[in-house]
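Down below is the structure, laid out as structure tokens.
Treat the numbers as computed from the prediction; the structure is a model and nothing was measured. Proteins come first, then strands; the chains are lettered A, B, ... in the order of their sequence lines, and each starts at number 1.
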Amino acid sequence: MKTLQIILNECRSIFLLGKVFFGLLFILSLSSCDKDEDPRPALEDGKSTVIYDLAGDIEASMAEGVEGKENRPFYTFLFRFRDQKQVWIKTKQDSLQWLKTNDWDLAFTGPYNSEVYVNNANDEFNPGYEGPASHSAVLLLKQSYQSVIAAPSDEEFDQSEVTKIGWASSESSYGWFRYSLSTHIMQALPDRTYAIRLPDGKYAKLQLINAYKGNPPAVTNMNWPAPYYTFRYYVQQDGSKNL
Amino acid sequence: MNQAIFFIKLTVYITGLSSFSLLAYAQELYQIKGRVLDKSGNAIVQATIILLPDRHTTLTDKEGRFSFDKLYEGTYQLRVSSVGYYPIEQDLPLKKSSSVELTMRPSEASITEVSVQERRRSVDNLIKAENSAMPVKIITRREIELMGSRRLDEVMKEQTGIAVVNDIAGGSRAVGVQIQGFSSNYVMVLIDGQPMLGRNSGNFDLSRISVTNIERIEIIKGASSCLYGSDALGGAINIITRHGAVAPQAHASFLYGTLNTIDATLEAETPFANQRGSVVFSGNYYRTDGFNTDSRYLTEESTTFPPYTNYSFQGRTRYRITKNGTVGFTGRYAARNSKMINGWSDDITIEDTQTDQDVNLSASYDHTFHSGLRSMTRYYFTRFHTAMQAQWLRQGILADAEEFGQQVHRVEQQFAYSPIRTVKFTGGLGGSIEIMDNQDLDEERSLNTAFAFLQTEWKPIDGILTTLGLRYDYTNVYDGRLSPSFGLQYHISPTLLAKAGVGAGFKAPDYKMRYQVFYNPAANYLVVGSDRIADVIQAMENSGELSFKNSYMLNLVSGNLQAEKSLSNNVGLVWNPNSKWQSEVSAFYHRINNQINTIIVGGTTSFSTVYSYRNLPKAVNKGFEVSTTYQATVNLQLSAGYQYLIAKDLSVLDSIRAGGWPYNQTINNPVTGESREPTVADYWGIEDRSRHMLNLKALYEYRPWEINFNLRANIRGKYPFQETTSNQFIDEYDEFVPDHVLLNLTIEKNLWNRKLTLRLIADNLLNFTHRNMLGQPGRIILGGLSYRWMKE
């Protein structure tokens, strides 16, 4: 009898331990089931074109950081909204063939192809300088992409001073990203949408979203491949300002 | 303070001690006999007696008697435990066959995890952690065994208030330990009281250290520069290794499981020269395949927790050269090789290799004079070397390569003296020389330090203990600095103890912050030490290389870099209302001034930016910690620990108030599209710090089968991982690591009088992983055994 009681006593603590254990398991499993979900809203809105991971000059970026080796500058590439065509400007021939034409809309230039130009003939640093795109313009709207539903007036476009869209190093900058000095990561600024009057007179809106491969919510490795551009745009084909 | 000693009525009779004999060194074998009794003098049957350091184990018979035979002369400890009684630990210098009578105090507790209140003296260090006046957490060898941990980082991350975090900016291998909100570069890591080298961007990776030969770990939470000088600004972790047994013995253990993890250890120890000397040798081999926490973005072969192979060897020997003098030598060598793949697609794969080597050598001479003055003379040499290379595999392009080595020579003379019973002094002085391998960049880069310290313990009346510490450090690259500490303990009642402490910490700017001119080709920038920046900028301006300069900042930083400083305050209560409960609550407030950070001072035509170093005004870590242990039944012990922490950089608050770029950007809710102007309330705190941390533990022993179950839940509230909203401070829409729970279970079964132990270890049972927790693998199951041979 005494032995039985001792055994029962022993069991009581096992039961208690069991209860604590399963109680914990239950509470904890509730909290650990929704991991790795991306809280960011989807980029697709039904009408815009979303470009994922458009590769820039990866070779040049990989070679960055090699001590004692002369880094070549990043090759510029052009992008055309109509058919998502990407054109590389690597040779003199390429430049002659493409730059002074209406056959492109955006140029990705500079380090990590991070400095973006809209094809324009009037700005001397624009790859389309002295080309045919004399009427194009771009404006920075500090609003979210979805909330931009109409292009600004032509007067506003005519007065625009926006040329290069790159590193936003100060408040007055029209740039699309910030470079973190502590983590050395490029990050797109929220609520920056570019309204564009294209060389052909149509109106468009553009959002540059990420320069890192896969559009990750956070960059967890200093060698995360870049530049791989994720961006979205919408071109109003009927010539109106409805975006 | 040893409270237990007040309550344990303990009588020891050692017969025949009076006949002092010079023949003590003759190789004779002795016997210890004893009886274990309760308060009323009745025998306690089946009590477990462990003889340390040899770990002979026996049980008392029907009359409460026990005995150990064939023992050499030496200093032993008896550890006695029995169901329903408080465990006892008793020192026993053995020079002749002895008999002992032990009285045990009744308790609801019975668990073999002996929480020994007595701080055992270190054999080669006279500095006591408690003299820092900061809370000290001791982790014993037995606790580590019961956790089934293999590496030091695994032990640390299960402690309340301590986290092991990745530092993304420092590279994929930068992992460090954080204590009460202090990051790894403010936490000193010591082995047997001597500082260890080898940091990656300030982070000390504790997984380099195997726990197999550790006797105990002391963790000081708060500024402890008064003990250890510069670098111990936010805390210290002192690892105390095993120093030898009295009887020849050997120990082997092997574990294998998930991720092809292998942990194999061999240890051997023996006395020599008629017990005048002892020697311990241990070797450990560890390997793991690594783990990928980011399968969404990375290829299958990739890992974020690196695969590695680690070897370590340690030897310690001690020899009593005279009756009052003992020499000791310690040698440790550890090497780690690691090859990690990070692939985003087949053609974008980077291979990253690293090899580390670590040598620690020390010698000590311990002498006790007739006056009672104890002297410890110590010499220490350590060297760390690391080589790292990263390559884009398909392209054959080198992405990064780095190699550095450093070494330190250190000499120290310590004294401990107690002129009267109520006063104890510990003091010392010393110096060190730290030399970097790479001398070609600049003039010789060595750091010379001299220091002196004095710590006083004073018991003015019964129930009150005060400690006062002072330390002065002088270095060749930075001026001298005085670090005081003051602590007070007061027994309000026999069950209630109040504690309070204040301590100062500092971290002197290092060589590179003052003198180095460093160009980073990877990110194309130049960093110039504060004492050189004015000259460098002037030279660039003269040669027309400078495209812009920030004159205001330049004047601010030039030649004006201050040491980082901290002031730690803590106040707490220890309450043991009855034999079932032990509780402690403490509040802490750490203020850090002059944190060093980089700042842009100019730009040039050939590379983008020129940085230098400046001091940031202020950061604060504040919060409280509660811990409690409850003996639910005789075989079940429950414990809980909780930390609430607010860690904020006060300069961020100032910047938000000032409304400058980029702090003035609106806070945007990415889901609803709503935005608002930022206020100071939007600042969440510093990265990697959880507000809430909760540790729960259940320890159950099933005595008839000698099985221990140890179940732990480590619960962490969400913490910021990265600033992604580009306003340069953490707000609620930045990237976080979510709330999570890591559940660990260890089962241990003892066989053959504790000679054989079987272990089953299950870490992270719920298999929680997150892409922002790069160093946390999923569920790991390991099984293995250990065996102890003892010369009979």
Side-chain angles (χ1 to χ4, degrees), chain A residues 9-10 12-14 16-17 20-21 24-25 27-29 31-32 34-36 38-41 58-59 62-69 71 111 142 144 146-147 168-173 177-178 180-185 187-191 213-214 216-225, chain B residues 168-169 171-172 294 296-297 304 342 344 348 350 390 392 395 397-401 521-524 598 600 632-633 635-636 638 661-662 664-666 668 670-671 673 675 696 698 700 702 704 709 711 713 715 721-726 728 735 738-741 743 766 768-772 774:
Chain A
N9 267 343
E10 286 294 343
R12 248 194 14 219
S13 32
I14 294 184
L16 182 57
L17 184 71
V20 170
F21 181 83
L24 269 177
L25 262 186
I27 298 163
L28 310 186
S29 53
S31 60
S32 53
D34 58 343
K35 58 181 181 180
D36 265 5
D38 198 335
R40 297 174 299 175
I58 307 306
E59 294 253 331
M62 284 177 174
E64 288 265 304
V66 185
E67 218 162 336
K69 189 172 158 183
N71 292 335
K142 291 190 179 176
S144 70
Q146 316 83 284
S147 67
S169 55
S170 69
E171 188 157 18
S172 55
S173 168
F177 72 91
R178 271 201 72 239
S180 163
L181 299 174
S182 53
T183 55
H184 305 291
I185 291 169
Q187 283 160 344
L189 291 162
D191 280 7
K213 186 172 170 60
V219 173
T220 56
N221 187 311
M222 293 313 286
N223 288 312
W224 199 284
Chain B
I168 302 301
S172 52
D294 197 5
R296 190 163 128 211
Y297 291 97
T304 53
N342 278 131
W344 287 265
I348 308 170
I350 198 161
W392 293 100
Q395 294 78 5
I397 296 173
L398 195 66
D400 202 358
N524 196 28
T598 48
I600 297 182
T633 73
N635 290 327
L636 177 65
L638 300 172
W661 171 266
N664 58 355
Q665 292 180 80
T666 54
N668 304 295
V671 179
S675 63
L696 301 175
Y700 176 74
Y702 187 63
F709 298 87
L711 178 71
I715 302 162
F721 173 73
Q722 198 171 82
E723 203 279 293
T724 57
T725 54
S726 299
Q728 211 155 305
E735 187 69 6
D739 299 333
H740 63 269
V741 179
L743 197 64
L766 301 173
F768 179 86
T769 63
H770 192 274
R771 70 177 296 261
N772 294 346
L774 295 105

(request) Pick one of side chain, backbone, both or neither for B:Pro670, based on which atoms fall under 4.5 Å of a heavy atom in chain A. (result) both
(request) Taking all non-hydrogen atoms of both residues into account, name the closest pair between A:Lys213 and B:Tyr297 and its distance. (result) O-CD2, 4.4 Å
(message) Between B:Gln395 and A:Ile58, is there a side-chain heavy-atom distance shorter than 4.5 Å?
(response) no
(message) I'd like to know which of A:Ser144, A:Ala168, A:Ser147 tops the heavy-atom pair count under 4.5 Å against chain B.
(response) A:Ala168
(message) Please find the pair of heavy atoms, one from B:Glu735 and one from A:Pro217, that lie closest to each other, and give the distance.
(response) OE1-CB, 3.7 Å
(message) As an exercise, state the distance from CD of B:Gln722 to CD1 of A:Ile185, rounded to the nearest 0.5 Å.
(response) 4.0 Å
(message) What's the separation between atom CH2 in B:Trp661 and atom OG in A:Ser172, rounded to the nearest 0.5 Å?
(response) 9.0 Å
(message) Is B:Thr724 close to chain A through its backbone or its side chain, or both, or neither, when contacts mean heavy atoms under 4.5 Å?
(response) both
(message) With heavy-atom distances below 4.5 Å as the criterion, would you say the side chains of B:Ile350 and A:Met62 are in contact?
(response) no
(request) Could you go through the side-chain contact (heavy atoms from CB on, under 4.5 Å) check for B:Ser172 and A:Asn223 one step at a time? (result) CA-CA 9 Å; B:Ser172 52; A:Asn223 288 312; 5.8 Å; no
(request) Examine whether an atom of B:Gln665 lies under 4.5 Å from a heavy atom of chain A, and if so say whether it belongs to the side chain, the backbone or both; otherwise answer neither. (result) side chain
(request) Can you tell which part of B:Trp392 gets under 4.5 Å to a heavy atom of chain A, answering side chain, backbone, both or neither? (result) side chain
(message) Looking at B:Arg771 and A:Ala218, would you say the former's side chain and the latter's main chain have a donor-acceptor pair under 3.5 Å?
(response) yes
(message) Between A:Thr220 and chain B, with a heavy-atom cut-off of 4.5 Å, which part of the residue counts as in contact: side chain, backbone, both or neither?
(response) both
(request) Can you tell which part of B:Leu774 gets under 4.5 Å to a heavy atom of chain A, answering side chain, backbone, both or neither? (result) side chain
(request) Evaluate side-chain contact (heavy atoms from CB on, under 4.5 Å) for A:Trp224 paired with B:Ile168, printing each intermediate quantity in order. (result) CA-CA 11 Å; A:Trp224 199 284; B:Ile168 302 301; over 6 Å; no
(message) What verdict does the side-chain contact (heavy atoms from CB on, under 4.5 Å) test give for A:Gln187 and B:Thr725, after you've listed the backbone C-alpha separation in whole Å, the side-chain angles of each residue and the deciding distance to 0.1 Å?
(response) CA-CA 8 Å; A:Gln187 283 160 344; B:Thr725 54; over 6 Å; no
(request) Answer with side chain, backbone, both or neither: which region of B:Thr304 has an atom nearer than 4.5 Å to a non-hydrogen atom of chain A? (result) neither
(request) Measure distances from A:Ala188 to the heavy atoms of chain B and classify the residue's part below 4.5 Å as side chain, backbone, both or neither. (result) backbone
